[in-house]
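Okay, so here's the structure we're looking at.
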Amino acid sequence: MNYEELLIEADNAGLIVKEKNLVYNDGRLRGKCIAIRKNIPTLVKKACVLAEEIGHYHTTEIDILDQSSVANKKLEQAGRVWAYDKQIGLLGIIQGYRARCQNLHELAEYLEVTEDFLLEALKCYKEKHGIMAKIDGYTIIFEPSLAVVESIK
């Protein structure tokens with residue numbers, strides 16, 4: 001989803017999103033209000049940040065700014081995983097394969113996410129699924145490099 005679509009999703013969830021002059025974070029959730037750092041250079045990066053903050057809203061009910069707590073680190077990761085699944089997901093990787101994306105840059109561009117966000121998602125998916133995941137007649141291989149193989153019918 002692009003930034004505008006995520007703004008609509010946030011609004012539909014009853015969230016208020018405002019761009020602010022944040023100093024320490026790119027995004028911040030407090031109650032039903034999301035602040036996005038105003039000077040993030042691209043809408044693609046803003047979309048990644050907004051997706052994560054919406055993910056925190058859906059997965060967390062407490063303030064998790066203190067990352068010295070193991071519990072808060074797990075909740076932080078839950079919000080990120082929600083964002084990865086929303087913006088990419090295993091099916092998004094397959095769609096990129098079908099669209100003939102040849103490398104991570106093209107896949108990130110196709111999915112409208114930053115390359116860093118894509119790399120973090122792929123790392124997360126590898127941790128969750130191991131070196132490969134099978135879905136809808138496709139095998140996604142995470143190691144040694146990303147590959148998608150279509151099952152023979």
Side-chain angles (χ1 to χ4, degrees), residues 1-129 133 135 138 140-143 145-148:
M1 298 181 94
N2 66 35
Y3 188 64
E4 293 298 320
E5 292 167 332
L6 286 165
L7 286 172
I8 292 167
E9 177 156 328
D11 186 58
N12 290 340
L15 299 170
I16 298 166
V17 179
K18 292 189 177 182
E19 294 190 16
K20 301 236 178 200
N21 292 319
L22 298 178
V23 177
Y24 300 108
N25 304 72
D26 285 341
R28 175 83 167 94
L29 170 68
R30 179 171 281 150
K32 288 190 161 251
C33 296
I34 295 174
I36 302 292
R37 188 166 49 88
K38 187 183 286 189
N39 60 350
I40 292 175
T42 67
L43 287 177
V44 170
K45 172 71 173 164
K46 280 185 181 182
C48 294
V49 172
L50 181 54
E52 183 176 335
E53 296 307 321
I54 295 171
H56 289 312
Y57 172 75
H58 287 298
T59 61
T60 309
E61 295 182 8
I62 60 170
D63 183 350
I64 58 171
L65 279 180
D66 177 10
Q67 287 295 294
S68 64
S69 157
V70 173
N72 285 0
K73 285 181 183 179
K74 287 182 179 181
L75 291 171
E76 175 71 23
Q77 184 63 17
R80 287 186 180 161
V81 169
W82 188 96
Y84 299 151
D85 289 343
K86 185 71 171 179
Q87 295 298 95
I88 300 169
L90 296 178
L91 293 177
I93 296 168
I94 292 168
Q95 290 169 351
Y97 163 79
R98 288 175 160 164
R100 304 204 188 294
C101 295
Q102 297 294 306
N103 54 49
L104 292 176
H105 174 77
E106 289 180 5
L107 181 58
E109 195 171 84
Y110 174 79
L111 295 169
E112 297 184 75
V113 298
T114 65
E115 284 185 61
D116 286 342
F117 188 85
L118 175 60
L119 288 169
E120 291 167 9
L122 292 173
K123 181 181 174 190
C124 173
Y125 292 148
K126 181 182 160 195
E127 289 172 2
K128 180 177 179 180
H129 298 285
I135 184 170
Y138 292 86
I140 302 170
I141 302 166
F142 299 107
E143 212 175 81
S145 61
L146 181 64
V148 178

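Taking CD1 of I36 as the reference point, atom CG of L29 lies at 9.5 Å (rounded to 0.5 Å). The CG atom of L107 lies 7.0 Å from the CG atom of L122; values are rounded to the nearest 0.5 Å. Note that the SG atom of C48 and the CD atom of E53 stand 12.0 Å from one another [nearest 0.5 Å]. The distance from atom CZ of R28 to atom NZ of K18, rounded to the nearest 0.5 Å, is 15.5 Å. Note: D11 CG to L6 CG = 12.5 Å, rounded to the nearest 0.5 Å. Considering CG of L15 and CG of L50, their distance stands at 8.5 Å, rounded to 0.5 Å.
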Should I140 and L146 be marked as a side chain to side chain contact (heavy atoms under 4.5 Å, CB included) after you check the CA-CA gap, both sets of side-chain angles, and the distance that decides it?
CA-CA 7 Å; I140 302 170; L146 181 64; 3.8 Å; yes
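Listed by first then second residue, pairs satisfying salt bridge (Lys or Arg N to Asp or Glu O under 4.0 Å) with a partner in residues 102-116 number zero, not counting sequence neighbours. Applying the salt bridge (Lys or Arg N to Asp or Glu O under 4.0 Å) test to every pair with at least one member in residues 36-46, sequence neighbours left out, gives these pairs: E19-K46, D26-R37, D26-K45.
Summarising the local packing, NZ of K128 is surrounded by 12 or fewer heavy atoms from other residues, nucleotides or ligands at distances under 6.0 Å.
Listed by chain and number, the residues in a ring pair (Phe, Tyr, Trp, His ring centres under 6.0 Å) with H58 are W82 (sequence neighbours excluded). The salt bridge (charged side-chain N to carboxylate O under 4.0 Å, His left out) search around E143 returns K126, not counting sequence neighbours. Taking the side-chain contact (heavy atoms from CB on, under 4.5 Å) definition, one finds that K123 meets it with E127, sequence neighbours left out.
In this structure, V17 and A10 approach most closely via the heavy-atom pair CG2-CB, 3.7 Å. Nearest heavy atom pair, residue G31 against residue Y57, reads O-CD1, 3.9 Å.
Within the 4.5 Å cutoff, the side chain of L43 has no heavy atoms near those of the N2 side chain. Contact of the T114 side chain with the L119 side chain is not registered, since no non-hydrogen atoms from C-beta on lie closer than 4.5 Å. No side-chain heavy atom of E52 sits less than 4.5 Å from a side-chain heavy atom of V49.
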For residues 84-100, run the donor-acceptor check on the side chains, cut-off 3.5 Å, and write out each pair with its distance to 0.1 Å, sequence neighbours left out.
residue: Y84; atom: OH; partner: E120; partner atom: OE1; Å: 3.3
residue: D85; atom: OD1; partner: Y125; partner atom: OH; Å: 2.8
residue: K86; atom: NZ; partner: E9; partner atom: OE1; Å: 2.9
residue: K86; atom: NZ; partner: E9; partner atom: OE2; Å: 3.2
residue: Q87; atom: OE1; partner: M1; partner atom: N; Å: 3.4
residue: Q87; atom: NE2; partner: M1; partner atom: O; Å: 2.8
residue: R98; atom: NE; partner: Y138; partner atom: OH; Å: 3.0
residue: R98; atom: NH2; partner: Y138; partner atom: OH; Å: 3.3

